[in-house]
Amino acid sequence: MAPYDPVLLQEIGVLYYHTGNYILAEKFFRLSLNRSPLENGDQCSTEWEVILFNLGQTYRKLGAYEQALTFYSRALRLKPDTPSTMSSKAHVHLLLEEYDKAISLCESVLNHNSNDQFTCLMLNYALEELQHQPVPFNAPAISDYGDCVEKSATSINMSADMSIDLLDHSGTNTL
């Protein structure tokens, strides 16, 4: 494998991410992105979406939420309706206290997988937070969300450390 192979650089970024060195992870993900078909204007397959997703995860960990949203949005343009990316983007909207956007994304994720516990937690949290804000005219009733909403949501503490894991190049979660 060549030392500047985008797949290799991406995997090195994953290693740094898992050791908590998000600065070096970001560096290697950026190098991977710069050498991928995504940045070279070449026609590319959806397999490159993982670089964009991992950059989003890294920027979330670094507290650069707007950059995280940018990369999640780019990943979703390349591979629309990906539940893990939508859930991660919802998480950042929660961190930014953009509850309406988070709720919309959580609904989309739960349409794909109604048993997604992390997304249910985020939805619960967003709905609880909305209860403490002035209610817009067209706000959904909490009862509209069925089994996903539980009364214990007030004890949930959303943080930048909660999330879906990084993806490896094959698109599967790494643990």
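The structure displayed is predicted, hence computed values, not measured ones. Worth knowing before you read on, the calculation uses all heavy atoms, side chains too, and leaves out hydrogens, waters and symmetry mates.
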Which atom pair, heavy atoms only, marks the closest approach of Met86 to Leu105?
O-CB, 3.9 Å
Mind listing the closest non-hydrogen atom pair of Ser32 and Pro6 along with its distance?
OG-O, 2.6 Å
For Ala90 and Ala102, work out which heavy atoms get closest and say how close.
O-CB, 3.6 Å
Same cluster or not: are Tyr59 and Leu78 linked, directly or through other Ile, Leu, Val, Met, Phe, Trp or Tyr residues, by side-chain heavy atoms under 4.5 angstrom apart?
yes
Do Leu24 and Thr19 come within less than 4.5 Å of each other through their side chains, counting heavy atoms only?
no
Look at the side-chain heavy atoms of Ile, Leu, Val, Met, Phe, Trp and Tyr, link any pair under 4.5 Å apart, and say whether Met122 and Ile103 land in one connected group.
yes
Do Ile12 and Leu31 have side chains that get closer than 4.5 Å, going by heavy atoms?
no
Can you tell me how far the CG atom of Asp5 sits from the CD atom of Gln10, to the nearest 0.5 Å?
10.5 Å
Exercise: identify the closest heavy-atom pair between Ala68 and Gly56:
CB-O, 3.3 Å
Residues two or more places apart in sequence or in another chain: which of them pass side chain to side chain donor-acceptor pair (under 3.5 Å) with Glu98?
His93
Same cluster for Tyr99 and Leu127 if Ile/Leu/Val/Met/Phe/Trp/Tyr side chains link at under 4.5 Å?
yes
Do we see a donor-acceptor contact under 3.5 Å between the side chains of Thr85 and Glu49?
yes
Given side chains that start at C-beta, do those of Leu95 and His91 come closer than 4.5 Å, heavy atoms only?
yes
Where is the tightest heavy-atom contact between Ser36 and Ile51, given as atom of each residue plus distance?
CB-CD1, 4.1 Å
Are Phe53 and Phe71 near enough that their ring centres are under 6.0 Å apart?
no
Nearest heavy-atom approach of Leu110 to Thr119 is CG-CG2, 3.8 Å
Once you round to the nearest 0.5 Å, how far does CG of Asn21 lie from NZ of Lys61?
13.0 Å
Mark yes or no for whether Thr58, through its side chain, and Asn54, through its backbone, hold a donor-acceptor pair below 3.5 Å.
yes
Measure the shortest side-chain to side-chain distance between Tyr22 and Tyr17 over non-hydrogen atoms and say whether it is less than 4.5 angstrom.
yes
With rounding to the nearest 0.5 Å, note down the distance linking CD in Glu129 to CG in Leu94.
8.5 Å
Taking the side chain as every heavy atom from C-beta outward, state whether Pro83 and Asn113 have any atom pair closer than 4.5 Å.
no
Check whether any side-chain heavy atom of Leu33 sits under 4.5 Å from a side-chain heavy atom of Phe29, and report yes or no.
no
Indicate yes or no: at least one non-hydrogen side-chain atom of Trp48 is less than 4.5 angstrom from one of Val7.
yes
Tyr72 and Gln57 side chains, donor-acceptor separation under 3.5 Å:
yes
d(Leu8 CG, Arg35 CZ) to nearest 0.5 Å is 11.0 Å
Would you confirm whether Ser104, through its side chain, and Asp100, through its main-chain N or O, come within 3.5 Å as a donor-acceptor pair?
no
